Amino acid sequence: MMSLEQFKSRYVGSQNYKLIEIEEYPTTPWGKFKRVVKRTFKTELFVGLKIVFMEMVRFNIHTIQYPKEKLPIGARYRAIHKLLRLLESGNERCIGCGLCEKICIAKCIRIDTKIDENGRKVPTEYTINFGRCIFCGYCAEVCPELAIVHGPDYENASDQRAHFALKEDMLTPIDKLKEQKEYPGFGAPTPEADRLIKKTPLAY
Amino acid sequence: MIKFYIDGREVTAKKGETILQVARREGIYIPTMCYLPKVKPIESCRLCVVEVEGVEGFVLSCQTPPTPDIKVKTNSAELFTHRQNIMKLYDVNHPLECGVCDKSGECDLQNKTLEFMVNSQEFTAKDQNRKIKDWNYIQYDPSLCILCEKCVHVCNEVIGDDAIEIEYGGYKSQIIPKDAPTLECTFCGECIAVCPVGALISKDFQYSANAWELRRVPAACAHCSAACHLYYEIKHASIDNPEPKIYRVKNEYEFANLCGAGRFGFDFENKAVKDENAFNNALKAFKKADTIKFNSIITNEEALILQKLKEKFGFKLINNEAKAYQKFLKKYSEFSGRTLYSADLEDIKNSDFIIIFGTMVATDNPAVRYAMTVSNRKRNSEIINFHPMEDELLKNVVTKFVRYEVGTEEGVMAMLANALLSKEDKENIDKEWFEDLDIGYLSAESNVGEEEIEDVLKRLTRKRRVRAKRSTLILGEDLYTHPRAENIARLAGLIDRFTDFDVMIIPPRTNTLGVSLICDLDEEEGEFVIGYNTEGDFVLSALGDGDLDMPALNQQEGTFTNIDKRVVPTNVALPYEGYVLNDIARALGVSDKEYTIEFTKELPKEKGFKAIDFDELPNYFTNAGQEERGYILESNKVAISRERVEEIEELPEFNGIVVYRCEPVLQFNPFTAKTHQLNFSSELVGSKQFSIAAKLKDGDEVVIKTSFGEIKRVFRIDTSLKGTIGLLETFDMGLSYFDILSDYRYQVIKIEKASGQ
Ligand code: SF4
Ligand code: SF4
Ligand code: SF4
Ligand code: SF4
Ligand code: SF4
Ligand code: FES
């Protein structure tokens, strides 16, 4: 069995995958005919039906009762965006660098920035036009602060395209700060990050 | 011409050119951090090193002229490592704040750090506590500063303020205001422009947009006759407001300059929609009117439309300020033999001897001041300023100040002509006239001692002995409105024709030169006046306070004729929804053009304009710094007038409280006054001495009785001023500002304290 750790790792190339032997496809008409006869009389169909029947009488059912039940969503799933806060201070993570705005291939992000009382750059407004967003994930990947990320909420039907699109819709509410989860998807530090980084020498 | 090789390519250098200059001209890349073509090589970065075959070690290309046949290599493994190490050193303790830095995306440090693949750091230094400085329009962050010194050099060698310097202290070094606790300068913002990193930035712009989001519109500054090249940078106003907005102005800082008005005074647009009612009223007014009154802050094309309206309907065209200039220029050309004056800004930069006469040039036309600074720094030129008031802003460049009494300009010009023209010339021109000249009287009345004129001549001879290149006589606005302007112009024409002096007659407003060439101007107003950006019975206004709105100059495309006698294009930075002058001309059957710029190729050829389409006009600088903007007017030959120079009239005296109409730094007219960064109001400014004579205290509110009526001002003492002449600022007077420009700039006034004090 594959461990969860392995499953999550994006370093596909370095893992041990088992290759499955696949029979060659027949190319001649005779070969194709032989395959049809073989499949018809080898009762493979009944093997399948048997399994289904057995599971049914055992009540070991594999479908879920959506929307009452929901499957956990993969870490790299890309649904409606979230704007995160810093866990310690509760400050907004977004520094208004505008990289997401720049990289967005649908050109659907817009940010207004200004200088605040503390002399810092702050985004005063942040919008994504979800009527145009193609959920490519570039914005989350480019964000140096991991401020704009994709959330797991895929249930975003609405009668207005403009919904979910403002800063207040996406930003973690300050009272829900404790519930904010770190984003593990595209753009997040890789498990190797610590190993790969080189330290800058410092003089004190 | 020196032939040599860069990376195997044969190139030639002109005398005095450095390897880097040749490389740039030829489009060969050599990285630099501290090189700024418009100042002398700074030599602080050492990134520009190259290898020369047969020469031990590296050579600094920015300061080394080539010798014949050398073989220069701009790239090698050693050069790369050397440059990479320099970039690593620059990166030591450099804050990791590209994410918010205004310079990000156009930062030399960012670009070259990537270019030289700095992905690790071996060097360290103990970091310092460096505080951000707030300098009015400018913010300085010493932790981002790489001490390239470009800002210091541009301020000293081009602008002439010499307001900043390096405070040396090893790793603690930083830029500080020179001899002052905080920065007090003319705020041209050139230091912001040349700073390769985000250390010097515009406070107004800070954190409002990123470099890559802004759309650049190449244009010409609309505030004075230099019509400097600039870019308006545009983006939507905000998420809720998709209307475009100008966020800042930038320039080709490597070769050209801007003053603070051009850089910070950009949002003077007039928002308007098509108001059909007002338009119909305008057409009715045009039917009724017999006069169009206007000013020179318009494009050449608009001037041509006005001229066409005159030709069809017989309107009188009134623009007294341009009329005065036109007359001056005409008399000048009848005596010099050329339609246009001879000097341009490039000539001033290359002059060794400059006489400037009749202008407060640092505020009248900053570009002329910068050109003089360049000549003084580069060629160590002699600059003699003739004026009734010493200008504090010119203290770093003027080598001799000659004060004359207000009103005696004609006498001073006669003394100058008498001194500069040779004996033979004088005999040929008008022996009798020069013999009749009573220098003793002129000297006594104008207060310009004969020995002072002699000293000027001595300096000229001294200069000629070392380097007999170029001399320039610069004439300014005080002279055109002088009652004896035409005689002054005659003498100027003679100086141009007979001496080696080139003459510049500074056009006083943005497009005065263009207007005076394109329009036949009248002197007497008629009964019913249409005012275009001036007062009138029906007012078309780009200031937004008239009967019909007009586009401001950042909302128009067209051309200006600038001080360099160059027809330069400008473009639309912000949209304009209302009616334009061409719409009126179309409705009146004078124009069949859809767009105003279709008139560009129809500007009068006989005045030196060329039949070139607007869209064909170039608007850029070459790699070598050559200005390719529009085209230069043809200066044609004129038959020399048989007229004699008139006898010098008795020199007038100005007794009482005298003021000089003069705008402060950063202001030119109601358009600059309207912009959000330059939104301050005009004052009456005087020296301590003036305040005593006028019995005024700092901060007094006064009512001034002037030739153009009563105006209110707050009085302020300026300790840097000397003498008894006050400065009367008028830039925020709205439309009526343009009415007062044709008065002589000095006048005797009556001052009363405002009631309620
Ligand atoms: S997911 Fe892609 S399209 Fe959507 S906002 Fe981000 S970058 Fe733009
Ligand atoms: S990339 Fe991240 S930090 Fe930068 S503006 Fe976008 S959300 Fe903000
Ligand atoms: S100055 Fe340049 S390198 Fe430094 S933070 Fe700003 S953009 Fe980045
Ligand atoms: S402020 Fe900018 S231009 Fe001036 S020395 Fe520092 S980096 Fe150079
Ligand atoms: S006001 Fe004159 S000198 Fe200043 S930027 Fe404009 S054109 Fe140039
Ligand atoms: S460009 Fe030559 S030393 Fe900086």
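Note that the structure is a prediction, hence the values are computed from the model and not measured. So you know, we letter chains A, B, ... as the sequences are listed, proteins then strands, and number each from 1.
Residue B/Y171 qualifies as enclosed at atom OH: its count of foreign heavy atoms under 6.0 Å is above 12. Within 6.0 Å of OH in A/Y138 there are 12 or fewer heavy atoms belonging to other residues, nucleotides or ligands. Open room surrounds OH on A/Y25; 12 or fewer heavy atoms of other groups in view lie less than 6.0 Å from it. More than 12 non-hydrogen atoms from other residues, nucleotides or ligands lie less than 6.0 angstrom from OH of A/Y66. Under a cut-off of 6.0 angstrom, the local environment of CD1 in A/I174 is crowded, with over 12 non-hydrogen atoms contributed by other residues, nucleotides or ligands. More than 12 heavy atoms of other residues, nucleotides or ligands lie within 6.0 Å of CD1 in A/I64, so this atom counts as buried by the packing criterion. In this structure, A/D194 places its CG atom where only 12 or fewer heavy-atom neighbours from other residues, nucleotides or ligands lie under 6.0 Å away. Annotation: B/R216, atom CZ; neighbour count of heavy atoms from other residues, nucleotides and ligands within 6.0 Å is above 12.
In this structure, the portion of B/E122 lying under 4.5 Å from any heavy atom of chain A is its backbone and not its side chain. Of the atoms belonging to B/S120, it is side-chain heavy atoms, and not backbone ones, that fall under 4.5 Å from chain A.
To the nearest 0.5 Å, atom CG of residue B/D240 and atom OG1 of residue A/T127 are 9.0 Å apart.
Residues A/T113 and B/Y207 share a closest heavy-atom pair of OG1-O, 2.7 Å. Shown here for B/V100 and A/I95, the closest heavy-atom pair between the two residues is CG1-O, 3.4 Å.
A/D112 contributes a side-chain N or O that, together with a main-chain N or O of B/I239, makes up a donor-acceptor pair within less than 3.5 Å.
Against chain B, the residues from residues 100-111 of chain A that qualify, each with a non-hydrogen atom under 4.5 angstrom away, are A/E101, A/K102, A/R110, A/I111 in number order.
Of the listed residues B/S208, B/C98, B/G105, the one with more heavy-atom pairs under 4.5 angstrom with chain A than any other is B/S208.
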